[in-house]
Every structure is written in structure tokens, then in C-alpha cells.
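In this text, all values refer to a predicted model and were calculated from it rather than measured experimentally. So that the names make sense, note that chain A is the first sequence line, chain B the second, and so on, each numbered from 1.
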There are 2 protein chains.
Amino acid sequence: MQRPTLDAVAARAGVSKSTVSRVINGVSTVAPRIREAVLDAVGELGYVPNAAARNLVTRRTDAVALVVSDPPKGLVSDDPLFAAVVRTASRALEAAGKQVVLMLAGSDESRERVERYVVAGHVDGVMLVSLHGADPLPYMLARKRVPMVSFGRSSAAVPYVENDNEGGAGLAVRHLLGLGRRRVATITGPMDLIASQERLAGYNGAVREAGCRSMMALGDFTRISGAEAMDQLLQDDPQLDAVFAANDLMAIGALHVLRKHGRRVPDDVAVVGFDDIEAAQYTAPPLTTVRSPMDAQALATVELLLDLFEEGAQESVVMPCDLVIRESA
Amino acid sequence: MQRPTLDAVAARAGVSKSTVSRVINGVSTVAPRIREAVLDAVGELGYVPNAAARNLVTRRTDAVALVVSDPPKGLVSDDPLFAAVVRTASRALEAAGKQVVLMLAGSDESRERVERYVVAGHVDGVMLVSLHGADPLPYMLARKRVPMVSFGRSSAAVPYVENDNEGGAGLAVRHLLGLGRRRVATITGPMDLIASQERLAGYNGAVREAGCRSMMALGDFTRISGAEAMDQLLQDDPQLDAVFAANDLMAIGALHVLRKHGRRVPDDVAVVGFDDIEAAQYTAPPLTTVRSPMDAQALATVELLLDLFEEGAQESVVMPCDLVIRESA
DNA sequence: CTGAAAGCGCTTACAG
DNA sequence: CTGAAAGCGCTTACAG
């Protein structure tokens, strides 16, 4: 699998390696007819520059690591949003001429692998997808002074793009309140996720503002945990008339339990979720939920990284959410 | 961001670069106390070998491109299975010490980028995720003699791992027949996908075997297409008592239409899907479907590639499917 | 505008 | 068991 080298092209075109290199890299100071000759030779030989040799001297790779920081339970990459984020970010990065290296970092071992890979110079920078508050990875990499941004807030050390979780939760709860509901409960996400904390804060703020009391049950963003939490809430207060679940998966679990207990949705109990995952359209009844602009957010994160490459330090970004009203509330 | 080099480590440890290199690469012929000294120096300096320099001389990268060949409509990467395949394959590859470079190849432009990237020597081999019969990528890469395997059959030029689509479809239809159904229709996938063709063949075989007549409507693997196809089938034969949809998304669309038309599932019409996606558990009623062992398949594909690296040419693999019986049939 | 030469940071025969 | 030297395939000042 011997590929042609710069030397071979130079020989064939009857010029020096320097000249071939200039043509390949688009340096303009090359006589048109020589340029032609070089391009012909490149075409005939099917020459493609060797990446390792080039990186070695330029000290750039034009590649970016997309690191998905996966908590032990596999919460993030099991998330229906995972594929969308990866795909959107990949496309944007590729459009900017950056190659994407996907890395999953779930264990200490894999985190170390990521660290070594990045430090070895395989990539020019890192885009982190991390929703885990206690994630050690941002610290590890920040210490190595690697250009890095984060999709989802992760640590103070790294500029991030995040949706307005607190504002979105507020929107959801105020909608419920606006429907005349007064016993509005919430099912929370796992409390080590910053997003969960913020959504809970949004719920609390809106409920207090309306002079209602707060009722909550802990979940962990899985459907089953939503079902269990709903069971508990119903026991705590059989009169409750609304539930805000901190994500759609848990809202779906709650929907099932409500039906099992003979509660009509939304007549008896109104339900709102968060995320607007695909499945939210298919539930019975279709789920009212908070839409976080995933695509826009992924795109903004990519922008942030590119800006970082160009101009150095950048500020974090918070994107607004809106409410998708369907039939469950 | 000046990182320490081999030279720096050698100087600090008071030995030659050659010796440091041997220690780093685990060559055993190094005196224990010298080894110690080198390791100490490495630790103190935080030395990590430069990847480009190393690749340049070894001509290996220990990286593998995971190329997701995305048809224009985004069918593959929108698929709920996408994330699972990417994650499973990534983990297995990383466990084998290979780094994973994710590449999306949807357009001619991106296919060319993939080709250049691979030829430039960034990776040692390619794992293709391609379900598209007419995909030009396998040919492009095979021509360059790049070690390559495919998750999902793509072209004769490349060894693949595939589930037994025909057998799985046969399983589904025979289950319907076994329930006493005699007017069994099918909703097909897009016909340029080999998987669709095979699932249709499985349906046809089973229906003919039972002496029933076949009824089909074309879909394209999207939920909406499943709904439209179901509408049409109901018009064609209001008496039909069973439907085999070539994937779960279309089965879900069919379920909605059946309910809208007042047909009870499974009493009036039994429904079976294919894939066993997450959402199949949440439909009303929960969907009976064909399970293709995604994880096992992704793992087998990784194995195939690793074998290819070790021993050269390998044979394709077909994995059996089984039926997950829930409530819709 | 073009070429000769140095050098990027490693590995690997080859001596000793 | 260890070191000096060559070389991997590029880019980039430096001359001319």
C-alpha cells in the first residue's frame, strides 16, 4: 500500500519538493504553468499528502475531539438526544474543515485515554458533551491548556453553551398554573446533574411565586424512575392536579402510572415534560413539553470552539427554551 | 503549549533517546534500574509521545474510522439504533486499543473527504455503517485497498455483518399466521435498502408457504410513511386482519391509523414490527416485533475488522433474529 | 518565483 | 544491554 510522496510528484513534474508543497498548500506565488504541471502530476499519481508528516511540522491537525462524557449509568449516550447532538456538531465541524474524532469517556480508564490522546497532539481542541456536574474531565483537560468548550455546563474552567433550564422549567410550571392547577408536583432528575438542579429551581420559583406549595419526588431521568416517582406522589397527595417532570422519559413513565390509577390526562392531572424528544409526539395523549433548541445549541457550541481557535478566550452562552403545547397539559 | 520531547526525557534520565523509546514501547531488553530512571523522568516531565512523529515512522495509527454512510434523507443517523451502534462499536474498538474517528458521509463532498482522510493515513482501517444498497463509498475505499468491514451489507467488495432480515421477517409473518390470521399485509421499507428487500422476501415466502395472498404498500421507514401505507391498505382490503411492518417506526404509524379507524389491536388487526426500538415498549398496545441483536452485531463487526488486521481476508457473518412477543400480536 | 537545506519528534536497524 | 545515525514525508525560513 505504498502511496506516492511529495518527492515522486516533484520528480514527475520536474520541479522541487518546495514548489510542489506550495502548490498543494495554495501558496499563490507559483507561476501558472508550473502550477499546472504540478497539478497534473498530482492527478496522475493520485497523490494525497501524508497526514503524520504534515502534522509533525505544522503542529496542527485540523481535527477536533468530540468527547461524550458518559456517566457510569450510560445516561447521556442512551439519551435520545445523543445522536442528534453528535450529528449536528459533526456536520458543523466538518463544514468548517475540522475532522471529528468521537471519544466516549465513561470510566476513569477512558478518561485517561482521552487525556493522553489529546495531549499527544491528535487534535487541535476539544468539544465536550458533558452534563455531569462532578465530571473530572474538564479539569483534567483544562490543566493541560487544551482549547476546549462544553455542550452543557460542566465546570467553571470551560466556556459552555447551555439551554435555560431554569427559565424553561418556569415556563412549564406557569403554564400549568395558568390552567388553574394549584397542586403542582415535580419529578426531578438526578441531583448531581446541573440541569436537574436548574430545572428544580425553575419549578420552585414559579410555584412559590404563585403562592402554591411545592411537592417533589426524586427521579433519575429514566422512564421507570418517573413511574415510581408518580406512584409516590399520588400516595403523598391523591388530590394533585398537575405534574412537571424534569424530562420527557420520566413524563412518559408518569403518564402510564396515571392511566393505571384511572386518572385522566389532562382532565384530572395535567403533565408537562422537558426536552421534546421524538417519543413525546407518540404518547397518549401527546406530551406537552419544553423544547430546548438542541440543534441551535450544538451549532453554538461549535461556533464557540472555532472562535476560541481564532481569537482566544470566549464567554459562555445560555439559550432560551420554549413551550410545545400538545394535549397532556 | 510546548510539550516535553523524547530528547528532554533522555537528558533528564541520563540515557539515549533510543533507550527512552524502548522503555516507552515496552521493549524488554532494558536494564531494570535504567528502566526505572526513564519512567521517573517520564513521570516528572509528564511526557506523552507525539503522535504525528510516531505515526510517521511506524506507519500505523491505531485508529479506525467509523464511517456512517448517511443517505440524503438522514435515514440512518436519525435511526434510534444509530447511537447504540456507534456506542457499542466505539467501546469495543477502544477496548482493543483502537481510537475511533467518527465520520458522517452523506454527500458526495463528504464521501470525498472521507476518502482523502483515509488515504492520508489517518487511520489503519474503516468500519462502515451502511445500509444503503447503492452506496458508492465501499467501492471508493475498496479501490484504495483500505482494510474495511461493513456493519450491514453494502457491497460485494467488503466483508459485512448483517442480521437475518429474511429469516426475521419470516418469523414475524409465521407468528401472525399461527394466530389464525389469513389476510396478512406488509408495509415495506425503501426498496433501495437491501434490508428492505430481504424483509419483503421473508414476508413473501411465509405468506406463499401458507397459501395466502400477499398485500403490500410501500413505505420508507418513517413513521408518517407507515401511517399512509396503513391508510392505503385499509382502503385496499377493509377485511385485513394482520400487518407486518418492515420496521417499528412504520408499525407505530400504522397503530395510530388503525386506532383512528376504530380497529382494535390485536383483536381486529394484529401488528408486528421489526428492530425492537426503545419506543416499541411504550406504544399502546406495546408492539410485538423482531429483535435484531444490534449489540452482538456491532461487536461482531468490530471483531471482523480486528481479524482483518491480524490475518487478512475474512468472511461475512449473518446473525439470527428472534421474535419479541408483546401485546400487538 | 524557485530550490537546497534544515528540522519537526519519533523508531529502528546496525554496531559495539 | 545501549547508543549514534539514518530516515519517515512533509513545511518553511533563507538564499538567489
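With values rounded to the nearest 0.5 angstrom, A/T5 atom OG1 is found 9.5 Å from A/N50 atom CG. Interatomic distance, CD of B/E112 versus CE of B/M140, reported as 6.0 Å (0.5 Å rounding).
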Q. When you check every protein heavy atom under 4.0 Å of nucleotides 10-16 of chain D, what one-letter string (B, S, -) results, 5' to 3'?
A. BBBB---
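Of the two residues near DNA chain C, A/G14 and B/A52, the one whose nearest nucleotide lies more 5' is A/G14. When each of B/S16 and B/L56 is assigned the nucleotide of DNA chain D bearing its nearest heavy atom, the one mapping closer to the 5' terminus is B/S16.
Looking only at atom types and distance, the side chain of A/T88 has a donor-acceptor partner in the side chain of A/D295 under 3.5 Å away. Side chains of A/S18 and A/S21: no donor on one and acceptor on the other come within 3.5 Å.
Both distances falling under 3.5 Å, in either a Watson-Crick or a G-U wobble arrangement, place C/dG16 opposite D/dC1.
Note: CG (B/N55) to P (D/dG9) measures 13 Å, nearest angstrom. In this structure, CZ of A/R33 is placed 11 Å from P of C/dT2, rounded to the nearest angstrom. The distance from atom CZ of A/R59 to atom C1' of C/dG7 is 10 Å, rounded to the nearest whole Å.
Here the side chains of B/V302 and B/L305 are not in contact, with every heavy-atom distance at 4.5 Å or above.
Here the closest heavy-atom approach between residue A/Q314 and residue A/P159 is recorded as O-CB, 3.6 Å.
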